[in-house]
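Predicted, not measured: the structure shown is a model, and the values here were computed from it. Both counts, for ligands and for their atoms, begin at 1 and track the order of listing.
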Amino acid sequence: MKTILKTMGEQYGRRSWAEPWKIKMVEPIKVMTPQERRKCLEDAGYNTFLLRSEDVYIDLLTDSGTSSMSDRQWAGMMLGDEAYAGSRNFYRLEETIQRIYGYRYFVPTHQGRGAENLISQTLIKQGDVVPGNMYFTTTRLHQELAGGTFRDVVIEEAHDPANEHPFKGNVDLAKLERLIQEVGASRIPYVSLAGTVNMAGGQPVSMANVKALRALCDRYGIRLMLDATRMAENCFFIREREHGYRDKTVAEILKEFCSFTDGAWMSAKKDSLVNIGGWLAVNDGEVFEELRNLVVVYEGLHTYGGMAGRDMEALAIGTEESVQDNHIICRIGQVRYLGELLENWDIPIVKPVGGHAVFLDARKFYPHLSQDRFPAQTLASDIYLDSGVRSMERGIVSAGRDPETGHHRYPRLELVRLTLPRRVYTQSHIDVVAESVRSVWDRRHEAKGLEMTYEPRYLRFFQARFKPLS
Ligand code: F0G
């Protein structure tokens, strides 16, 4: 079988890819006994967010803030200018973001949700409607807290794990236009576009889609705002799958994509290879004035926004590294390698494999468990019990409750995310992960599900507790 990885190798004129870095510093990790793991999971209320990192063998909870920094980034940390106002690192970062993403104005924040808070408060009024290509947990919550209601306008294919559409993150323009006609353009402050779409499996948006979206937004005078958290990864898929982009660099594609949008918010903890950081960037001077004013209320002065000077320096360097082609090829190649191992064993995953993670289809693992027995939460627990590999639920627990009815939201996707930190694990770690998932798959009929015993009010998946059903 001709694998996708091989295709990647051919495309770049080599037989295969390998990590474009070597290891200079190591951090030991430990393997525990099954009894020890059972005890840790009980203490954590069967929620992988509540495990101690020390009790985890291979940590695929998230790719957020978990990347390894390069020697250059660490060297940059020593150049931190920790002045309260006007740090030299701020100006370097501002220039870097303007050059790489192409927006006019820049505001730093401590991480993505800090930026989401500011943009939501600045643009959304009570009663507004915010259309987007599938919800993300923190993004939607900030839109709701600002008085808006989120409406999903992603293409239908995104809700079907088995559908192999190459751009499952695309907006359904007809759905969006119907919504505009239903509620009126004046109630839509902006379209919230994310590339790639995290909850759909790290699925990309095409250049053709963002162009058409721009034209539609222009017709109705609606802003188009981008969640740029994993846009560099999105651009790799454009180059791979969209006609006319084969010979462009990821950096060129990124700048072109952003040029169709009015601004962006960023969790720099992902693409940009840092452990903390975020930003907002816009082209509209009035919106910028408001953001730059609000940032001092919630984050810090507008020349640090919650980051230390050294963090801004590491972020400027990480941003440059994040759009290097050899980095992205290896990054996506590693995720794809894990996906292919599982696919070869007929283990149900979201297809095509996305940019940052492999998503297991928990409905197919445990068809005998109804959604209110939390199949994905159960699967994440079972994988930890098997091997100490930590993953994350992305199903009914993450979807939370409808603020109006108070009932669970029942998302069609009931998934477990195996998320790969950037530049952290080797191919042998990935082999261990795949073998563990396979062993859980082989025992799938034994699963009984979970019951929720504690539920916090906001973003419940972070802190909820469960116990096993017998
Ligand atoms: N937007 C997207 C698409 C995200 O994936 C995240 C975070 C945020 C915004 C918020 O950024 O964490 O810096 O405040 N995603 C993490 C994850 C938590 O594990 O997927 P943040």
Side-chain angles (χ1 to χ4, degrees), residues 47-49 51 53 59-67 107-120 130 132-145 150 152 154 158 168-169 192-205 225-234 261 263-281 295 298-299 305-307 311 315 318-319 322 335 350 354-359 376 380 390-395 397-400 413 415-422 424 458-463:
N47 184 348
T48 52
F49 277 103
L51 287 165
S53 154
D59 202 347
L60 306 189
L61 183 72
T62 177
D63 63 331
S64 182
T66 52
S67 299
V107 177
T109 63
H110 81 283
Q111 63 180 80
R113 71 199 75 177
E116 290 171 341
N117 175 36
L118 302 184
I119 197 76
S120 303
V130 187
N133 54 346
M134 201 174 269
Y135 84 99
F136 182 70
T137 53
T138 57
T139 316
R140 180 177 65 190
L141 180 63
H142 281 294
Q143 291 163 352
E144 289 172 352
L145 291 171
F150 176 81
D152 190 1
V154 77
K168 274 168 103 172
S192 177
L193 182 73
T196 59
V197 179
N198 191 349
M199 302 303 273
Q203 305 295 333
V205 179
M225 301 298 294
L226 178 68
D227 181 338
T229 297
R230 297 185 182 85
M231 248 338 279
E233 292 172 4
N234 193 105
T261 66
W265 66 88
M266 178 75 177
S267 169
K269 301 169 72 173
K270 282 77 162 177
D271 262 359
S272 313
L273 299 161
V274 287
N275 306 122
I276 194 72
W279 49 260
L280 284 154
V295 75
Y298 291 101
E299 302 281 312
M307 285 181 280
D311 297 333
L315 174 50
T319 303
S322 74
V335 176
V350 174
H356 64 307
V358 174
F359 288 69
R390 169 152 72 171
S391 57
M392 183 192 287
E393 194 263 10
R394 293 278 82 156
V397 184
S398 298
L413 296 176
L415 308 173
V416 165
R417 190 179 76 173
L418 298 162
T419 335
L420 295 200
R422 296 163 187 80
V424 172
Y458 300 113
L459 302 173
R460 63 182 182 178
F461 55 95
F462 284 129
Q463 293 154 337

Worksheet entry | Test: R113 cationic atom under 6.0 Å from F136 six-membered ring centre, within 45° of axis | no
Worksheet item: Hey, is the main chain of S322 close enough, under 3.5 Å, to the side chain of R422 for a donor-acceptor pair?
Response: no
Worksheet item: Judged by atom type as modelled, is there a donor-acceptor pair below 3.5 Å linking the side chain of R417 to the main-chain atoms of S391?
Response: no
Fill in: Those residues that, when tested against D311, pass salt bridge (charged side-chain N to carboxylate O under 4.0 Å, His left out) (two or more places apart)
none
Item to complete: List for me each residue that meets salt bridge (charged side-chain N to carboxylate O under 4.0 Å, His left out) alongside R230, sequence neighbours excluded, and say none if there are none.
Response: D63
Worksheet entry | Shell of residues surrounding ligand 1, defined by a 4.0 angstrom heavy-atom cut-off that is strict | T62, S64, Q111, G112, R113, E116, F136, T138, N198, D227, T229, R230, S267, K269, K270, M392, R417
Please tabulate, one pair per line, all N/O donor-acceptor pairs under 3.5 Å involving side-chain atoms of residues 269-278, not counting sequence neighbours.
from : atom 1 : to   : atom 2 : distance (Å)
K270 : NZ     : S64  : OG     : 2.9
K270 : NZ     : S267 : OG     : 2.9
D271 : OD2    : M231 : N      : 3.0
D271 : OD2    : A232 : N      : 2.7
N275 : ND2    : G65  : O      : 3.0
N275 : ND2    : S67  : O      : 3.3

